[in-house]
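Residue numbers start from 1 in every chain, and the chains themselves are labelled A, B, ... in the order their sequence lines are given, proteins ahead of strands.
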Amino acid sequence: MASVGEERGPLASEDEVDSEEEAELEEEHRQAKEVSRGKKKRKAKRKKKGSQFIEEEAMEDTDEDEDADGEGPSKKRSKFIDDMAAIGEDDEDLEDFDMEDPFLMDEQAEVDAVKATNMSKMYRQMDTRDKFQTDADLEKFVQERYMRREEEYQDYDEDAEPQRETGQAEGADQRALQPTLEDPKLWMIKVRRGMEQEIAVKIMQKAIHFEKARRANGGVGPSLFICGVVHHSNLKGYIYIEAKKASHAKQAIKGLNGVYHSQEEQLISLREMPNAMTLADSGQVQCNPGDWVKMRGGDYKGDLARVAWVSDSGDRVKVKLVPRLDYTRYDKGMPKPSNKIRLQARAFDFDEAKSAGFLIESRTSHQGLGEILTCMGKDFVNGYHLKDVSIKSIVHVKPSYDELHKFNSAELKANGRTGAADEYDANEAYEKTLQDARDVENANRKDLTAQKAAEGFSKGDVVIVARGELQNLVGSVDHVSAAEGVVHVKPDHKELTDLLPIDALLLEKYFTVGKHVKVVKGKHEGSTGMVVEVQDTIAVVFADVTQVEMRVFMRDLIDCTEVTHGLTKFGDIYNLLDLVQLVDTESGVIVGVEKEACLVLTTRVINGKPDVRTCRLQDIQRKIYASKLTGFDGWRNVVNSGDVVKVVGGENAGKQGTVKHVAKNNVLFVECRDVLENLGILCVKSKDCNVVGGKRMGDPGAPGDPRRQGREANVSTGVAKSFRQLQRESPLIGKSIVIARGPYKSYRGKVVDANDRNVRVELEAQCKVVTVKHAHLSRNHQTVLRSNYTPAAQGAFSMPATVQGGRGPFSSMAAGARTPMHSGMGAYGSQTPMHAGAYGSQTPMHHSGGAMASPFRISGPSQSHDERRPADRYDQDLLQDVVCQARHAGKYGKVTSVGQDGFVQLLLGTYDPENGFHAGSGMESFSLKELDLVKPVENAFVRILDGEHKQSGAQYSKMVAEMESGGIVRGLGDVADLETIPMPHLAYVDL
Amino acid sequence: MFFLLDMERIVTLPPQHFGSGLRDVLHKQLVREVEGTCSGKHGYIVSVTKITDSGKGRVQVGTGKATFHMKYQCVAFRPFKGEVLDCVVTQITKLGFFADAGPFAIFVSSSLIPDDYEFTSGDQGPCFTSGDQDVAIVRNCEVRVKVVGIRVDATEIFGIGTIKEDYLGVLGGPDMS
């Protein structure tokens, strides 16, 4: 920002003496408030319309008064400044026509010559605001006046355009305007940072006061002899005072707060004066009409815009944007909605605005922008919003094809609607976009050095020589010498067979239709596809995964022979092979990722084929952390994720692989090496699988009660395997916790890792991951962690109840069940070694099994003081496998079947609060009314029968620990979450 | 393009099949394992035509299974870039249409369809109709397509085709197929 300072002093031509007076004062006004004009503006000032100007000053005052309770004043002020500037230019404009020689006047003499005649007039003018009784009047006035000002200003600007470009004439003018020894000097005053403007205004007011007092005194009294005050927004902490003598400058700042009086004012040497007033071009972004920019903030943040016009000073620009308008919101003074919903960007709709009741005014732009429609206080050109912004709020970008296209189609759509052009034609938009894309490319190339260009090529790329004598020669890159900017090309030509060193700038990548390529930059980054069309610098690529066409710059493509799914991360949280919940209750595994969409193999089978869907981010509801879910295989063995299973039935019979995920409804996602589709992931029913090493316990297809048989006999051999995994995956990982003690007390964060001593917590408040001792966590969390990491706890996961049950009273039964069934010797053969293995792994647990529960029993609850839980209080459907006690008989047992008549079959067993339930043999039938549910012991499987989590009741969870507040349960349904559930809601389930 | 190839494969057979029907089972096993597979080198193996040598079985130590080194002759279908194929339209979208030539799926982008064809979604579903309305590309109609690009995956071959050249395009309506 520079001043419109009065370096030369005011002009005193006899016929204009009275306006001179005003001019000076107003000059001071302006200098104080004023900012930024280019150096070419530093012409002497003459005021023909001085009085009018002051009127405007007055207007501005009222304006600001209103601002105090209206919108932010800064915005309006800047508007004002522009208008001020406009007037300045306006004056210059006039000056060009009828000025004799303004530069020879002695400024001091001038000041003395000026008489007080017009002061009163000025202040009278200032009172014009009283005229406007209502806001509406005022608004109208302001609009009218400012609009006119602006146009005049714009008008001038256009005239000035050619002059600016012919630098020579301009240069001559400029030289004539250089300051001379006779001119006032420029003094630099150090002030408090941030107070520059305020101080400048104070000096202005001081000048007015002095002048007023002097006049009231009949021309006697002190006067400020300075010519101007300038503050420059780029120069923080200083203001410039223009004065003949240092003492004048001193006098001006005398007694002002915020000025560092201790520091001498510095004289700016004659040579430096122009520089001091010149905008530092280097520091500021150069902007030219037609540039592509992005908005930095505001409603249009991140939107592509095109510069339509740049102010002379280069700090204000008008950009064309695709409007984000709400045609209803501005209606009838409705308040802005507080929650910021981003409106959709689409072309300004004339008809819609009209039908919404807006007044639309039309005028012709003076800047050659065509017809401007004004509506809602905004300007629209060809459907774009013409927005006046500071250069600081935009940033130059290289637009991508899609952005360009969106931008261009907006205009064409708008034209189509208003009838200004023919029907909106997609091809037209494409062509325009192509043209723009070409321009962008060319502009790009201009900035490119050969070295940089060379870096863009790699061995094997097919290139075409775009320029030079070898134009249109196609070849493949042999090697690149990036340092020299040379690419060695093996020509694809009959006679030219030698390697040719070619300047990288002359080369372009060359893709023919049908090439398989990968996008390396931009929105579609990482996707692969085949080129279906080549248009100039753009290639249309048919994406492999999403099967849509994408238009990409050829420079962003590389040859790609292999099909890659590219990215492995989708959105922020989803990774390849993650189990996700889709919006439509379907769940599946991500088997392919592209930038915008991913492929999800769902649990469903359609027409005998696995259902692979293309899902966008919004189609995915959440990630499922289901590592704790288990399923049952064909032999009723428990299947955990990580188990090796063999597929024995269904489509994929014969395959073998590792269970990647266990989904709901007993569906497994199995990773098979020999399957090539869907990243080797198969979706199979768990009953079609056998856990490798699992025991064959019952014939699942047999009539009777297969479910029960399987469960009863189930020795969870599969479980043994996943100890290590469980140890690693603490249930706390991923949870948001509050640290209870220590240096990070009361910090909230997400647990990212846990071991037996510490947890790593990603703090929410600070962007870092810290290590926190277990001891610093809340007791609740400590319990959870300990249950996971103490050696005894390992045993915990082996479900002591079942393990023992399986081995003790059950082993005989298991053997019994096996005898009639071993039909294939293969099955038998495979069983034998495994069996031993399973035993082996169980043995150590057995020892820990008894001891393990005790350390974690914190609150020491016991069955006795727990309230009774009559079985008939709960849903009958959920009672399967639940351990109950017959109230009168005193017998324990687990429910094997629930009859309609309110009678249930119990498989009898033993129970004690330390070791839990051990199933024995023998069945008995009891009435539901007779039964109480048994309280679960720690580390037992539980089912939630009541409360808010009841819906997940059909699934098993595990009670990790028991607290006063209830049982801490992990794995609610398919989420590996820890939840505290009131004890009465938990039922002890024996698997 | 179709090829008659001589190929070899090691086939494993579990012991329960050892007996009089062994050769029969072996051949069936080979056919099951081989037919319908796809490799980048040979393309799709359409059919096993002849088993030239089924080899002597060797019993594997430990598993009891027998391995046979088999030699066979088969018909393979390997599409090539530049090849002209007759295929059946399976799906039509705004972007173009998909067509199958046997197991080989081809996508013909709208930019590779002659300019006078226009996408419409009429009463018989989406179709591309030529300017004079006499030719329409609809589902199940036969088209002659030239393959312009091929992507070979591990399990399938996918191609991009064009009908924007002479003698390419619709051969017959869906009724004729």
Side chains of Val513(A) and Leu112(B): does their closest heavy-atom pair fall under 4.5 Å?
-> yes
If you count heavy atoms of other groups shown closer than 6.0 angstrom to [atom1] of [X], is the number above 12?
X	atom1	answer
Glu118(B)	CD	no
Arg604(A)	CZ	no
Lys509(A)	NZ	yes
Lys65(B)	NZ	no

Considering all heavy atoms, the nearest [X]-[Y] contact:
X	Y	result
Met530(A)	Arg151(B)	CE-N, 3.4 Å
Ile160(B)	Val531(A)	CG2-O, 4.5 Å
Lys81(B)	Thr512(A)	NZ-OG1, 4.3 Å

In sequence, state the C-alpha distance, the side-chain angles, and the governing distance for Ser109(B) and Glu549(A), and then conclude on side-chain hydrogen bond (donor to acceptor under 3.5 Å, both in side chains).
-> CA-CA 9 Å; Ser109(B) 164; Glu549(A) 287 186 353; 2.6 Å; yes
Non-hydrogen atoms of chain A under 4.5 Å away: do they reach the side chain of Phe98(B), the backbone, both or neither?
-> side chain
Contacting moiety of Leu95(B), where chain A heavy atoms sit under 4.5 Å | both
Under 4.5 Å to a heavy atom of chain B? For Val540(A) that would be neither
